[in-house]
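Reading through the structure tokens given below for one structure.
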Amino acid sequence: MNCLKSLTAAWVCLLFSPRLPAQEISHPVGNSRDSVAWARVSALLGEVSRKEFEDKAEKKTAQFTDYLKILCDKSASYEQLDKAVAQAITLFVNEDAVVETSSNNRNTILRLRIRDYLKKVKQIQYDKIEIKWTHVQYVGDLKPAPDGNLYGTVSFEQEFRGYRDGKLVYSDVTLKHANVVLKTYKKTYEGSTRKIWDVLLSDIGVEATKSI
């Protein structure tokens with residue numbers, strides 16, 4: 001059950017096919033500090049089209065989903081499990097990213113760093129999982145942070161069902177929120193330096209969990 005609840009939190013990453021119409025990033029008026037922030041947002045987004053952002057986010061979340069399936073696969077070898085953990089971590093902004101997990105069997109929310117979370121996921125394996133997510137919405141403008149990256153927030157409801165030996169052993173619906181990061185950095189190759197960008201996953205949080 002711990003694996004299944006841990007996996008529930010991780011599947012939040014499937015949300016990250018964000019829709020970022022221009023009107024969602026409103027231009028601040030009358031505040032010099034906000035104007036500077038807006039200029040930073042525009043400078044970063046100016047080199048990234050919405051389609052490129054969406055494609056990259058969808059690719060990263062699909063990869064993360066594949067790694068989670070491996071971690072809950074009874075037939076996976078130890079080598080495959082360890083490789084899945086290592087590769088999944090590369091999808092996050094850093095190893096300090098936190099994943100929250102909840103359960104109908106306890107009143108507290110556990111907070112685990114991504115590596116610890118993934119190790120917990122692979123401890124117990126399930127034969128089959130079913131995921132359904134609804135009411136996905138972008139609830140926060142992209143905002144620049146002191147680290148030079150852009151951060152956005154999405155929320156959604158997720159239905160989760162897990163089976164073992166053909167029988168349903170756990171199900172719930174969870175309201176979640178998650179951070180996605182648009183990161184830019186410079187890369188030098190053969191004496192030439194160019195600015196490149198990437199989309200990475202960050203903290204994954206739980207708002208509420210209830211039985212289906």
Side-chain angles (χ1 to χ4, degrees), residues 6-26 37-69 84-102 109 111-118 121 131-158 160 174-187 195-208:
S6 297
L7 182 59
T8 303
W11 273 87
V12 69
C13 295
L14 288 174
L15 283 179
F16 291 122
S17 53
R19 301 296 184 263
L20 302 174
Q23 61 268 28
E24 288 189 354
I25 305 178
S26 57
W38 168 257
R40 291 175 60 192
V41 171
S42 299
L44 287 172
L45 286 181
E47 300 179 9
V48 182
S49 71
R50 183 177 65 184
K51 182 63 165 57
E52 289 174 322
F53 184 92
E54 292 175 357
D55 288 347
K56 179 80 74 170
E58 290 172 0
K59 179 180 179 180
K60 292 297 180 72
T61 56
Q63 289 175 323
F64 189 56
T65 300
D66 290 341
Y67 298 143
L68 292 174
K69 288 180 179 179
V85 168
Q87 292 177 325
I89 289 174
T90 66
L91 302 178
F92 284 76
V93 64
N94 56 50
E95 290 201 31
D96 289 328
V98 172
V99 178
E100 293 185 347
T101 65
S102 61
I109 293 177
R111 292 171 53 83
L112 299 172
R113 289 187 178 182
I114 181 59
R115 182 178 291 276
D116 294 332
Y117 160 74
L118 292 170
V121 170
I131 297 290
K132 180 181 179 181
W133 57 98
T134 60
H135 305 108
V136 179
Q137 59 180 336
Y138 196 79
V139 297
D141 295 343
L142 281 173
K143 296 180 180 179
D147 61 8
N149 302 320
L150 293 176
Y151 287 80
T153 304
V154 292
S155 71
F156 71 108
E157 290 183 0
Q158 178 179 279
F160 193 99
T174 303
L175 175 62
K176 301 179 180 181
H177 65 269
N179 294 329
V180 60
V181 183
L182 176 62
K183 184 179 180 67
T184 61
Y185 52 98
K186 295 180 180 179
K187 184 175 182 179
K195 190 175 183 180
I196 58 180
W197 63 277
D198 200 0
V199 175
L200 298 170
L201 310 179
S202 187
D203 294 346
I204 300 169
V206 171
E207 296 289 346

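- The shortest side-chain heavy-atom distance between Tyr151 and Val180 does not fall under the 4.5 Å cut-off.
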*asked:* Using side chain to side chain contact (heavy atoms under 4.5 Å, CB included), reason through Tyr117 and Ile204 one step at a time and then give a plain yes or no.
replied: CA-CA 11 Å; Tyr117 160 74; Ile204 300 169; over 6 Å; no
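- The line from CZ of Arg115 to CG of Asp96 is 11.5 Å long, rounded to the nearest 0.5 Å.
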*Checking side chain to side chain contact (heavy atoms under 4.5 Å, CB included) for the pair Leu91/Ile114: CA distance, chi angles, key distance, verdict?*
CA-CA 10 Å; Leu91 302 178; Ile114 181 59; over 6 Å; no
*When you look at Gln63 and Gln87, which way does the side chain to side chain contact (heavy atoms under 4.5 Å, CB included) test go after all the steps?*
CA-CA 9 Å; Gln63 289 175 323; Gln87 292 177 325; over 6 Å; no
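- Using a 4.5 Å heavy-atom threshold, the side chains of Val181 and Leu201 count as separate.
- A 4.5 Å side-chain heavy-atom check between Ile89 and Glu95 finds at least one atom pair inside the cut-off.
- Put simply, CD on Glu100 and CD on Glu207 are 8.0 Å apart, with the number rounded to the nearest 0.5 Å.
- Looking at heavy atoms from C-beta onward, Trp197 lies in side-chain contact with Leu182 at the 4.5 angstrom threshold.
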_Residues Lys183, Val199; criterion side chain to side chain contact (heavy atoms under 4.5 Å, CB included); working and verdict_ = CA-CA 6 Å; Lys183 184 179 180 67; Val199 175; over 6 Å; no
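- Annotation: side chain of Leu118 is not in contact with side chain of Leu112 (no heavy-atom distance under 4.5 Å).
- Of the possible donor and acceptor atoms, none in the side chain of Asn179 sits under 3.5 Å from a partner among the backbone N and O of Ser202.
- Interatomic distance, Ile196 CD1 to Lys187 NZ, rounded to the nearest 0.5 Å: 5.5 Å.
- Counting heavy atoms from C-beta outward, Val206 and Thr174 have side chains that approach closer than 4.5 Å.
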